Amino acid sequence: MDTGKRIARVYVDVAAEGTDKPFDYRVPEEMRPVVEVGSRVRVPFGTRKRMGYVIEFAESSSAQRLKALSEVMDIIPPLTPELVELARWIAEVYLCPVITALHAMVPAMLKGKYRRILRLDPGFREEGLLSEGETRLVNQLRKQGELSLEQALQLPGVNRSLIKGLILEGRLISEERAGDRVTRKRITWIRPALEREELAQKAEKLDARAKRQKEVLRHFIHEPEEVPLPALLSRLGAARSTVKRLVEKGCLQWEEREEYRDPFADKTFQPASPLPLTPEQEQAFQSIVTPLQAGRYHPVLLHGVTGSGKTEVYLQAIMEALKAGKQAIVLVPEISLTPQMVERFKGRFGDRVAVLHSGLSGGERYDEWRKIRAGGVQVAVGARSAIFAPFTRLGLIIIDEEHESSYKQEEQPKYHAREVARQRCIHHGAVLVMGSATPAVDSYFRARTGGYEWVTLMNRVHGRPFPRVDVVDMRQELKEGNRSIFSLPLREALADCADRGEQAVLFLNRRGFSTFVLCRECGEAVGCPHCDISLTYHRSNRTLRCHYCGYTEGMPEHCPSCGSSHIRYFGTGTQRVEEELARSLPGLRVIRMDVDTTHQKGAHERLLSAFGAGKADVLLGTQMIAKGLDFPGVTLVGVIAADTTLHLPDFRAAERTFQLLTQVSGRAGRHEKSGRVVIQTYSPEHYSIRMAADYDTETFYRRECKLRKIHRYPPFCGMFTLLFSHTDRAAVMRAGMKAAERLKPFLPEGAELLGPVPAPIPRIKDRFRIQLMIKHDLHIDEWNGLIEALRHLRTGLGDPELRVSIDREGL
DNA sequence: AGCACGCCGACT
DNA sequence: GTCGGCGTGCTC
């Protein structure tokens with residue numbers, strides 16, 4: 001009966017270089033049937049108790065002395081062996097501790113919480129108590145039974161060494177609790193404990209006054225099925241105590257059962273049937289379904305223009321996966337997980353789909369996840385982290401809007417969901433579908449060169465023509481004496497649009513383009529005292545705010561650097577655009593969407609639905625309105641300044657600009673009416689703007705690839721970006737130089753190291769930032785120890801104030 | 001990470 | 001002479 005699980009190898013929940021390896025534990029006999037690879041366990045670790053994950057089993061261990069597992073924490077292991085393997089892969093390629101990768105895969109609810117608890121020893125002796133603090137602590141413990149270490153330290157006169165002393169004397173017991181915040185919703189179910197005739201007999205024998213009890217029994221005589229207690233009580237208008245008495249008399253039984261919270265309980269979804277596919281869609285569908293049914297790994301880039309019906313292809317492909325007894329994951333960018341989107345999936349797949357929405361509470365999210373883990377649902381829809389949905393029979397992963405930057409995680413582990421998805425698909429022999437109207441240059445390149453199958457949807461479903469795009473040269477406007485935010489063509493287009501009773505969307509690029517305060521005497525912009533960035537002026541409360549650290553100050557009267565009173569705000573924030581819109585086209589009803597107006601929960605949705613209901617003529621906003629929204633009434637899209645993203649120090653600036661412009665253009669005229677797009681810019685000749693205006697995707701990508709190749713950027717090389725930050729300017733530079741020196745001997749053939757140079761934003765939150773970059777050939781046989789050297793950097797530079805973050809691209 | 005063990009300055 | 005500072009190293 002020995003299952004071979006004698007020794008469990010465990011990654012302990014301590015993210016540090018020294019602990020980033022498995023620790024071996026003896027598995028007590030009784031735990032062997034429940035512990036699995038992927039189980040969450042509690043283990044003694046040093047003097048403390050921590051949680052950890054079992055990653056494999058062994059027959060023997062090289063460790064000197066083995067401790068035993070304390071507990072297996074879940075009946076169903078949170079992770080599958082595949083996900084454990086995946087975590088090790090992520091840790092390796094994205095240079096993070098394995099435990100960090102493991103944590104990224106489970107809902108926050110399961111993450112460890114540790115508390116040190118103090119209790120009095122049962123044989124506690126009063127004698128020899130000296131200090132006031134000791135007396136106070138002992139009294140408090142007598143009253144409450146136990147205290148957390150933090151609580152104890154709050155007491156006056158109590159400090160760490162006092163507590164330590166009491167522990168050493170054996171008067172105080174200190175124990176660490178490792179746990180989680182899991183609260184599984186429990187529901188009591190009631191069922192009859194006796195046969196129908198016996199129940200009838202019992203009912204007869206009841207006291208004449210026991211009217212309610214009789215009613216309850218009568219209910220079960222008629223319907224002997226078990227029911228949830230709350231439902232029973234509300235149906236019969238009975239009290240809990242009535243039922244309790246019947247249970248005590250042995251007539252009924254109750255049982256507490258775990259229940260899933262249903263975040264969509266109060267919503268009903270219209271069942272929806274598949275739509276007929278166009279020939280193009282059919283072809284795309286086939287290229288997914290054929291390998292799906294064959295069960296072989298197959299990546300597909302679904303390059304489909306906006307309005308070409310990609311979602312319908314996804315839905316039908318998922319249906320095929322389900323028919324084949326397989327499961328599917330759908331990734332969508334965080335912001336486009338809208339109610340409409342949820343509706344569409346719920347309508348098609350009903351309760352076979354779990355939606356991992358950022359708006360869910362921790363408990364709801366955990367419950368959705370548990371449904372996936374328990375096999376209760378076959379489809380998971382969600383943002384980036386849904387890529388870790390614990391399915392065991394994955395057949396299909398769909399990444400919608402695959403070029404979106406939100407698929408890259410900014411914290412450790414700094415993975416890209418697209419690469420993780422690829423890894424999972426390879427493991428499962430599954431189909432990976434990446435859909436976009438504007439694919440990432442990397443994906444385009446892979447499709448071009450045969451790494452991905454390239455499927456295009458070039459026609460819009462209802463054959464609507466693409467809106468006409470006009471590029472307006474703002475330099476020319478200025479020359480002609482128009483100093484307004486709006487060019488003449490845009491102003492006219494807006495007026496026409498309003499006259500026809502149609503709606504317009506005005507898009508303002510937020511990044512690097514907002515209202516800032518400038519001194520006209522010395523030319524200084526008012527900057528954040530903690531970051532190297534200008535403060536943004538907020539009209540609504542007349543304050544200046546830093547968008548990086550949140551620092552806020554009132555509008556200054558004088559220039560902070562020269563004292564001049566000639567200061568005013570410049571630039572074009574959404575508030576400013578709104579004002580000028582009111583001035584030049586009075587009477588237009590405008591809805592503004594930006595950080596200020598969407599701060600409150602649900603505001604985002606509320607504003608959008610107001611616009612959808614025709615309560616405004618113009619929707620004015622930042623990035624957030626560029627994606628996925630689809631309003632029939634919109635016939636005009638205006639881009640206030642297309643080139644603001646162009647000058648960012650990022651090799652993807654042109655790519656981002658092209659994608660953004662193409663996406664916003666797609667918002668115009670999606671329905672019966674034809675649309676129009678007006679793009680204002682100071683660089684009308686730039687290829688990303690020109691080709692977006694001409695819908696010339698092909699030329700744009702060719703051009704961009706050529707440039708990337710010349711300048712050696714991904715997808716033509718792999719790249720590590722190292723960011724060092726420190727509170728001291730000199731120290732961070734020193735660390736950067738030292739790191740560069742240290743890494744040089746490890747550079748493999750075909751790799752080059754660049755920097756250190758100041759980061760694009762040289763200071764954030766009072767931390768100075770410098771950057772190092774390593775570019776390397778895509779295929780490297782001999783890494784020459786570079787990876788290990790990079791891993792070691794975090795601790796190897798010896799300064800605790802120094803932080804190192806490593807990004808990796810071009811896998 | 002945390003905590004123990006270990007080696008040098010200001011206090012009963 | 002001891003209490004306690006924080007440097008180094010280990011946790012199966």
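Proteins get letters first, then strands, A, B, ... in listed order; numbering begins at 1 in each. All figures in this text were calculated on a predicted structure; none of them were measured in a lab. Values below: every heavy atom of this structure, side chains too, minus hydrogens, waters and symmetry copies.
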**Study point:** Electrostatic pair A:Glu146-A:Arg115, nearest N-O below 4.0 angstrom
**Key:** no
Exercise for review: Flag the pair A:Glu368 and A:Lys371 as a salt bridge only when some basic side-chain nitrogen lies within less than 4.0 angstrom of an acidic carboxylate oxygen.
Suggested key: yes
Provide, to the nearest angstrom, the distance between the [atom1] atom belonging to [X] and the [atom2] atom belonging to [N].
X: A:Glu56; N: C:dC12; atom1: CD; atom2: P; result: 18 Å
X: A:Leu66; N: C:dC12; atom1: CG; atom2: P; result: 10 Å
X: A:Lys49; N: C:dC12; atom1: NZ; atom2: C1'; result: 15 Å

Point to revise | Positions of residues 90-99 of chain A (non-hydrogen atom under 4.0 Å from DNA chain B), listed by number | key: none
Tabulate atom names and distances for all N/O pairs under 3.5 angstrom spanning the protein and nucleotides 1-7 of chain B.
| residue | atom | partner | partner atom | Å |
| --- | --- | --- | --- | --- |
| B:dG2 | O4' | A:Arg48 | NH1 | 3.0 |

Would you be so kind as to tabulate the donor-acceptor pairs closer than 3.5 Å made by side chains of residues 17-24 of chain A, with sequence neighbours excluded?
| residue | atom | partner | partner atom | Å |
| --- | --- | --- | --- | --- |
| A:Glu17 | OE1 | A:Thr795 | OG1 | 2.4 |
| A:Glu17 | OE2 | A:His792 | ND1 | 2.8 |
| A:Thr19 | OG1 | A:Val14 | O | 2.7 |
| A:Thr19 | OG1 | A:Ala16 | N | 3.3 |
| A:Thr19 | OG1 | A:Ala16 | O | 3.2 |
| A:Asp20 | OD1 | A:Val98 | N | 2.9 |
| A:Asp24 | OD1 | A:Arg9 | NE | 2.9 |
| A:Asp24 | OD2 | A:Ser61 | OG | 2.5 |

Check your understanding: With a non-hydrogen cut-off below 4.0 angstrom, is A:Arg65 in contact with a base, only sugar-phosphate, or nothing?
Key -> sugar-phosphate
Point to revise | Over 12 foreign heavy atoms within 6.0 Å of CD, A:Glu30 | key: yes
Review point. When you measure from the side chain of A:Arg40 to the backbone N and O of A:Leu79, does any donor-acceptor pair fall under 3.5 Å?
Key: no
Exercise for review: Please confirm whether the backbone N or O of A:Ala759 pairs with a side-chain atom of A:Arg769, one donor and one acceptor, at under 3.5 Å?
Suggested key: no
Point to revise | Side-chain donor-acceptor contact under 3.5 Å, A:His357 with A:Glu364 | key: no
**Study point:** Aromatic A:Phe391 / basic A:Arg393 pairing, under 6.0 angstrom, 45° off normal
**Key:** no
